[in-house]
Amino acid sequence: MNGSSEKPIKYVLCTVLSSCAKTLNWHLGIQIHAYMIRSGYEDNLFLSSALVDFYAKCFAILDARKVFSGMKIHDQVSWTSLITGFSINRQGRDAFLLFKEMLGTQVTPNCFTFASVISACVGQNGALEHCSTLHAHVIKRGYDTNNFVVSSLIDCYANWGQIDDAVLLFYETSEKDTVVYNSMISGYSQNLYSEDALKLFVEMRKKNLSPTDHTLCTILNACSSLAVLLQGRQMHSLVIKMGSERNVFVASALIDMYSKGGNIDEAQCVLDQTSKKNNVLWTSMIMGYAHCGRGSEALELFDCLLTKQEVIPDHICFTAVLTACNHAGFLDKGVEYFNKMTTYYGLSPDIDQYACLIDLYARNGNLSKARNLMEEMPYVPNYVIWSSFLSSCKIYGDVKLGREAADQLIKMEPCNAAPYLTLAHIYAKDGLWNEVAEVRRLIQRKRIRKPAGWSWVEVDKKFHIFAVDDVTHQRSNEIYAGLEKIYSGIIEASSYVVEDSIILA
DNA sequence: ATAGGGTTAG
């Protein structure tokens, strides 16, 4: 191409590299890199920055860093591209360290940089502190009017459960656009303030801000957690109006909304109408059947898909299948699928599938088999596994294994009162009142705060602890009425109030 | 010419 009048100019290469980054076109991107080397464009700041962005977006963060290191000078774009790269590659810590390194140079971070480094704080252990520090920097530099920066701050606060900070920031922002609304709605939804999410969506519509597919997803999720079919259906009609049915994220959220709202048939309709079905949609559907107690149908669907070779099951698909077995109590089938996973599909089960299998054995009363599996599997049992195991111990009244499970959980989260309470429950059921008293002393000695909504009640000089929420506060008579049942150690649920109660004598 | 947020199954 050298000497030819059609030789691509630097500008074109730059734009093409940017497109390669956006569409993850690895093959073309590396050809351009090779061409850059041949044509002596390696030192071009624009092209090198675009190259850093390309490698970072294609998850080749090491290559991105290599290009960056080879650059003689760096500007805001190249720094930001690499920081973003670490952020999207889930190396938030590296992103933050790089940002600190940048602060030591002559190149000052701009709005783009802040938006990136703040996003890197999401999901990174202990990064909430960074978020507040960065927020201070943002205010000092006057970037708090930039909606991208604001929305990344809202995301970060919401991600760390600091919903009040997110809300404060949201209402302080004067020119809120769709991006900022999306972040706040999603923040509410993540923190289970689903009603607030819906209210904000209404406000957004009143302001004539157009929802995006992302907004639809988030609102549908909120409808799922609230199990509100009416609002969910309204959203569905909006989805149709906007022509967003083809978006897999939206379709999957719709399936989830209908199945959690108790209308599995409509979920099936959504799936039927989807032109391009993928693993995610099928898995959502299987999970939907699993959750509404139609385990057999979940398995039928799965088997049918396998026969038609419509789906190559992945780990999450097997989680759905095993969940179906779990909810329906199909122990043998569950074991069969679990084994098939390795033998037929060459997938080595990860901890989630082991968790399903362990739970399956335990719920069926085979506690020792479940316990052995926890020993044999190539993972260290996590909190979820121990706590589901503990609840099976509670159901079957196994004091020895229950104590072990509770000990493990207490070791993992010393301040969480739940395992103490369940353990006391198991002791009480077995009439081991000395042990019950021991647990109570432990809770007091360690000054563990009982969970919000739990209350001590003293009756006949014995202490009882109850799950009390706003509703049950007004129903204390019913609680007292339930006490008699509890005294006998048979904790039968006449209402969930009694179900969640234990005696601490 | 190059860089910025968020979404799917448990």
Side-chain angles (χ1 to χ4, degrees), chain A residues 9-19 21-22 44-54 56-57 75-85 87-88 109-120 122 143 146-156 158-159 177-187 189-190 212-221 224 244 247-257 259-260 278-288 290-291 313-324 326-327 350-353 355-356 359 384 388:
Chain A
I9 54 165
K10 290 174 266 190
Y11 292 19
V12 178
L13 286 180
C14 204
T15 312
V16 175
L17 263 179
S18 159
S19 304
K22 285 184 183 113
N44 182 297
L45 181 60
F46 286 83
L47 280 171
S48 303
S49 299
L51 203 54
V52 171
D53 180 52
F54 161 74
K57 291 262 167 66
D75 63 353
Q76 291 177 320
V77 180
S78 42
W79 276 106
T80 306
S81 294
L82 194 59
I83 290 170
T84 311
S87 174
I88 60 174
N110 59 16
C111 291
F112 287 76
T113 325
F114 274 100
S116 282
V117 74
I118 291 165
S119 302
V122 173
Y143 293 151
N146 179 293
N147 277 342
F148 282 101
V149 174
V150 168
S151 78
S152 59
L153 279 168
I154 291 175
D155 290 333
C156 193
N159 176 261
D177 60 5
T178 308
V179 174
V180 176
Y181 266 94
N182 278 354
S183 289
M184 194 62 242
I185 290 174
S186 144
S189 184
Q190 271 174 43
T212 62
D213 285 355
H214 172 246
T215 324
L216 298 177
C217 277
T218 314
I219 292 297
L220 283 168
N221 286 339
S224 301
S244 301
N247 181 319
V248 266
F249 292 92
V250 174
S252 156
L254 273 172
I255 292 174
D256 203 42
M257 182 275 292
S259 45
K260 293 219 174 93
N278 63 9
N279 267 17
V280 173
L281 291 177
W282 288 122
T283 307
S284 302
M285 198 63 233
I286 294 170
M287 203 69 91
H291 278 302
D314 59 5
H315 285 89
I316 298 160
C317 198
F318 273 105
T319 304
V321 170
L322 292 170
T323 305
N326 216 335
H327 281 241
D350 59 35
I351 194 163
D352 291 335
Q353 288 86 50
C356 286
D359 196 29
V384 176
S388 77

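Source: prediction; values computed, not measured.
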Student: Once rounded to the nearest 0.5 Å, what's the spacing between atom OG of A/Ser152 and atom CD1 of A/Ile118?
Tutor: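 Between A/Ser152 OG and A/Ile118 CD1, I get 4.0 Å after rounding to 0.5 Å.
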Student: Using whole Å, report how far CZ of A/Phe114 lies from C1' of B/dG4.
Tutor: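 Rounding to the nearest Å, CZ of A/Phe114 and C1' of B/dG4 are 13 Å apart.
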Student: Select one nucleotide: of B/dA1, B/dG4, B/dA9, the one nearest the side-chain heavy atoms of A/Thr283.
Tutor: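 Of B/dA1, B/dG4, B/dA9, B/dA9 is nearest to the side chain of A/Thr283.
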Student: For a quick check of understanding: with a heavy-atom distance under 4.0 Å over all strands, which category does A/Asn278 fall into, base, sugar-phosphate or nothing?
Tutor: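 No contact at all - A/Asn278 keeps every heavy atom at 4.0 Å or more from the nucleic acid.
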Student: Heavy atoms under 4.0 Å, any strand shown: does A/Asp155 hit a base, just sugar-phosphate, or nothing?
Tutor: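 Here A/Asp155 touches the backbone only, sparing every base.
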Student: For a quick check of understanding: with a heavy-atom distance under 4.0 Å over all strands, which category does A/Ser186 fall into, base, sugar-phosphate or nothing?
Tutor: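 The residue A/Ser186 makes no contact with any strand.
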Student: Closest approach to the side chain of A/Ser284, judged atom by atom: which nucleotide of B/dA3, B/dT2, B/dA9 is it?
Tutor: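 The listed nucleotide nearest to A/Ser284's side chain is B/dA9.
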Student: If you only use heavy atoms from C-beta on, which nucleotide in B/dA3, B/dA1, B/dA9 is closest to the side chain of A/Asp256?
Tutor: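 The answer is B/dA9.
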Student: Select one nucleotide: of B/dT2, B/dT7, B/dG5, the one nearest the side-chain heavy atoms of A/Phe249.
Tutor: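 The listed nucleotide nearest to A/Phe249's side chain is B/dT7.
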Student: Look at the side-chain N and O atoms of A/Lys22 and state whether any lies under 4.0 Å from the OP1 or OP2 oxygen of B/dA3.
Tutor: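 The answer is yes; a side-chain N or O of A/Lys22 sits under 4.0 Å from OP1 or OP2.
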Student: Nearest whole angstrom, please: distance from the P of B/dT7 to the CG of A/Asn221.
Tutor: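 Between P of B/dT7 and CG of A/Asn221: 10 Å.
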Student: Have a look at A/Asp359 and say if it touches a base, only the backbone sugar-phosphate, or nothing, with a 4.0 Å heavy-atom cut-off.
Tutor: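 The answer is nothing, as A/Asp359 stays clear of every strand by at least 4.0 Å.
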Student: Figure out the CZ/P separation between A/Phe148 and B/dG6, and round it to whole Å.
Tutor: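 Nearest whole value for this atom pair: 11 Å.
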Student: Please state whether the base of B/dA9 and the side chain of A/Asn279 form at least one donor-acceptor pair under 3.5 Å?
Tutor: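 Under the 3.5 Å cut-off, the side chain and the base do not form any donor-acceptor pair.
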Student: Output the rounded distance in Å from NZ (A/Lys10) to C1' (B/dT2).
Tutor: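 After rounding, the reported distance stands at 14 Å.
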Student: Please state how far atom CH2 in A/Trp282 lies from atom C1' in B/dA9, giving the value in whole angstrom units.
Tutor: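 In whole Å, B/dA9 C1' and A/Trp282 CH2 are 14 Å from each other.
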Student: Return yes if some donor-acceptor pair links the side-chain N/O of A/Thr113 with the main-chain N/O of A/Asn110 below 3.5 Å, else return no.
Tutor: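 Yes.
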Student: Which part of the nucleic acid does A/Val248 contact within heavy-atom distance under 4.0 Å: base, sugar-phosphate only, or nothing?
Tutor: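 Counting heavy atoms under 4.0 Å across all strands, no contact is made by A/Val248.
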Student: Of the listed nucleotides (B/dG4, B/dG5, B/dA3), which one gets closest to any side-chain atom of A/Asn182?
Tutor: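 Of the candidates, B/dG5 comes closest.
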Student: Between the base of B/dG6 and the side chain of A/Thr212, is there any donor-acceptor pair under 3.5 Å?
Tutor: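 Checked by distance alone, the answer is yes.
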Student: How close or far is atom P of B/dA1 from atom CZ of A/Phe54, stated in whole angstroms?
Tutor: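 From A/Phe54 CZ to B/dA1 P: 22 Å.
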Student: Could you work out, with ring pair (Phe, Tyr, Trp, His ring centres under 6.0 Å) as the rule, every residue matching A/Tyr143, not counting sequence neighbours?
Tutor: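 Ring pair (Phe, Tyr, Trp, His ring centres under 6.0 Å) list for A/Tyr143, sorted by chain: A/Phe114.
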Student: OP1 or OP2 of B/dA3 less than 4.0 angstrom from a side-chain nitrogen or oxygen of A/Ser78, does that happen here?
Tutor: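 No, because none of the side-chain N or O atoms of A/Ser78 sits under 4.0 Å from OP1 or OP2 of B/dA3.
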Student: When only distance counts, do a donor and an acceptor, one from the side chain of A/Asn146 and one from the base of B/dG4, lie under 3.5 Å apart?
Tutor: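 It does, because a donor-acceptor pair links the side chain of A/Asn146 to the base of B/dG4 below 3.5 Å.
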Student: To the nearest 0.5 Å, what is the distance between OG on A/Ser81 and CZ on A/Phe112?
Tutor: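 If I round to the nearest 0.5 Å, the distance is 10.0 Å.
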Student: So, is A/Lys260 close to the B/dA9 phosphate, meaning a side-chain N or O under 4.0 Å from OP1 or OP2?
Tutor: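 Negative; the distance criterion is not met.
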Student: Using the test ring pair (Phe, Tyr, Trp, His ring centres under 6.0 Å), find all partners of A/Phe318 that sit at least two apart in sequence or belong to another chain.
Tutor: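 Ring pair (Phe, Tyr, Trp, His ring centres under 6.0 Å) check on A/Phe318 returns A/Phe302, A/Tyr345.
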Student: Stacking check: are the rings of A/Phe46 and B/dT2 less than 5.5 Å apart at their centres and under 30 degrees in tilt?
Tutor: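 No.
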Student: What integer distance in Å separates A/Ile9:CD1 from B/dA1:C1'?
Tutor: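 Computing the A/Ile9:CD1 to B/dA1:C1' distance gives 9 Å.
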Student: Which listed nucleotide (B/dT2, B/dG4, B/dA3) is nearest to the side chain of A/Thr80?
Tutor: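 Closest nucleotide among those given: B/dA3.
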Student: Measure the distance from CG on A/Leu153 to C1' on B/dG5 and round it to the nearest whole Å.
Tutor: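 It works out to 11 Å between those atoms.
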Student: To the nearest 0.5 angstrom, please state how far the CD1 atom of A/Ile255 sits from the CG atom of A/Leu220.
Tutor: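 Answer rounded to 0.5 Å: 11.0 Å.
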